[in-house]
Amino acid sequence: DDQVKIRGYRIELGEIEAAVLAFEGIREALVIAREDASGDKQLCCYYLTHEQNDIDRANLRAFLLSRLPGYMVPNAYLMLGAFPLTANGKVDKKALPLPDTGAAREHTPPRNSTEAQLAGIWKKVLDIHTVGVHDNFFELGGQSLKITRLASQIHHVFDVMVPLRELFSAPSLEDQAKYIDQARRSAFSAIPVAPPSDSYILSSSQRRMWILSQFEEGNIAYNMPGAYLFEGQLDYTALNAAFEQLLQRHEILRTVFRENADGEIRQYIIPLADLNFKIDYQDLRPSTGLIELDSIIKESFLLAFDLAEGPLLRVAIYQLADDRWLFTYVMHHIISDGWSM
């Protein structure tokens, strides 16, 4: 009678109850499987505590995750003063109240873009209409299959891989959003650095591009340009500093290609201070027409790079009006690809 089957797993309820009883402060525990509004079975935990003092349910969930597989950890928890009993003294499971779903919790809407995007994912995965930052994924109907879908959607939207154990141990939207933000910051700070060396060999594709760039008709074939229009006030000093930081972070943007003493073409990483990088600024107010502007842009896009001197990234900003700007860049394909853009 104590064995149930949920989403293909055979579960011994007594094993879960034993794990719950091992948590400090709990003196009795009962775990049952109940159907939610969608007809899915959910594990619900009812418990009695010493001296009627409730316990931290997040800590209880984390404790159970350390002892049980995720599919055996209950979705909902409810403290009772006593278990309802039948006439012959057994627990009356039919008389157990509905578990706490967090419905009484004060609703706090998303406060930033990460929380708002994550709330949209929760709504899609859980098929619900309203999500607050303090809501619990499992109390809203989440289970092991849905947590897998949640992880997949987070990876698709945020490009962040969140281990399932992290989602189980941080079930609130607020905590998951914090994890995502931290993971995204860490991803930028963990960019691999080349091992110390005077120079580096070329890849086969880089070697091919270097050879072709030596021909006059091939020296602009691998220019990769882009252009964007912006409106608003511009801080040129901050923009230039941002690109200097970008070049400092990504060694490939400070790389040049030179012949060594043995006649071999090698990659050399140049210190930022020796690279002479600066965003080109041109004020085109107010007389520049579209034809002249188009000519200026094409000229910058078709200007050949000196692979031996660098930098192999050119950036320009053209002021078209007091609050209107054209931003252009060109990179050589030997240091970039489609994903880099």
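Source: prediction; values computed, not measured. No hydrogens, no waters, no symmetry mates; every other heavy atom, side chains included, goes into these values.
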**Trace of the side chain to side chain donor-acceptor pair (under 3.5 Å) decision for T237 with N240** = CA-CA 5 Å; T237 302; N240 206 75; over 6 Å; no
**Prompt:** Nearest 0.5 Å, what's the CD1-CZ distance between I147 and F137?
**Reply:** 4.5 Å
**Message:** For a quick check under 3.5 Å, do D181 and T114 share a side-chain donor-acceptor pair by atom type?
**Reply:** yes
**Request:** Determine, using ring centers only, whether Y318 and W325 are less than 6.0 Å apart.
**Result:** no
**Message:** Check this for me: E264, atom CD, are more than 12 non-hydrogen atoms of other residues, nucleotides or ligands nearer than 6.0 Å?
**Reply:** yes
**Prompt:** Is the count of non-hydrogen atoms from other residues, nucleotides or ligands lying under 6.0 Å from D159 atom CG greater than 12?
**Reply:** no
**Distance, nearest 0.5 Å, that separates CD of Q153 from CD1 of I121** = 6.0 Å
**Asked** According to the interplanar angle, ranging from 0 to 90°, do the rings of F327 and Y228 count as parallel (below 30°), tilted (30 to 60°) or perpendicular (above 60°)?
**Response** tilted
**Request:** Kindly indicate, with the supporting measurements, whether the criterion side chain to side chain donor-acceptor pair (under 3.5 Å) is fulfilled by D235 and Q233.
**Result:** CA-CA 7 Å; D235 185 336; Q233 299 303 307; over 6 Å; no
**Request:** Kindly check if the number of other-residue, nucleotide or ligand heavy atoms within 6.0 Å of CG (D127) is above 12?
**Result:** no
**Item:** More than 12 heavy atoms from other groups under 6.0 Å of CD on E15
**Value:** no
**Prompt:** With the threshold set at 4.0 Å, does a side-chain nitrogen-carboxylate oxygen contact exist between E174 and R111?
**Reply:** yes
**Prompt:** Excluding sequence neighbours, so at least two apart, what forms salt bridge (Lys or Arg N to Asp or Glu O under 4.0 Å) with D262?
**Reply:** none
**Asked** Looking at CE of M209 and CD1 of I335, how far apart are the two atoms once the value is rounded to the nearest 0.5 Å?
**Response** 10.5 Å
**Prompt:** If you count the non-hydrogen atoms of other residues, nucleotides and ligands that lie under 6.0 Å from CG in L272, is the total more than 12?
**Reply:** yes
**Request:** Evaluate whether atom NZ of K298 has more than 12 neighbouring non-hydrogen atoms of other residues, nucleotides or ligands under 6.0 angstrom away.
**Result:** no
**Prompt:** Is it true that D283 and R285 make a salt bridge, defined as a side-chain N closer than 4.0 Å to a carboxylate O?
**Reply:** yes
**Asked** Cation-pi between R184 and F158: NZ/CZ under 6.0 Å from ring centre and within 45° of the ring axis?
**Response** no
**Request:** Could you point out which residue of D54, L48, I26 forms a side chain to side chain contact (heavy atoms under 4.5 Å, CB included) with M79?
**Result:** D54
**Prompt:** Of the options I296, I220, T328, which is the one that meets F301 in a side chain to side chain contact (heavy atoms under 4.5 Å, CB included)?
**Reply:** T328
**Sequence-distant partners of L85, side-chain contact (heavy atoms from CB on, under 4.5 Å), two or more places apart** = V91
**Asked** Given the rule in the side chain to side chain donor-acceptor pair (under 3.5 Å) test, do Q206 and Q267 qualify, once you have shown the distances and angles that lead to the verdict?
**Response** CA-CA 10 Å; Q206 285 178 319; Q267 298 187 66; 3.0 Å; yes
**Where at least one partner belongs to residues 20-30, residue pairs that pass side-chain hydrogen bond (donor to acceptor under 3.5 Å, both in side chains), sequence neighbours excluded** = none
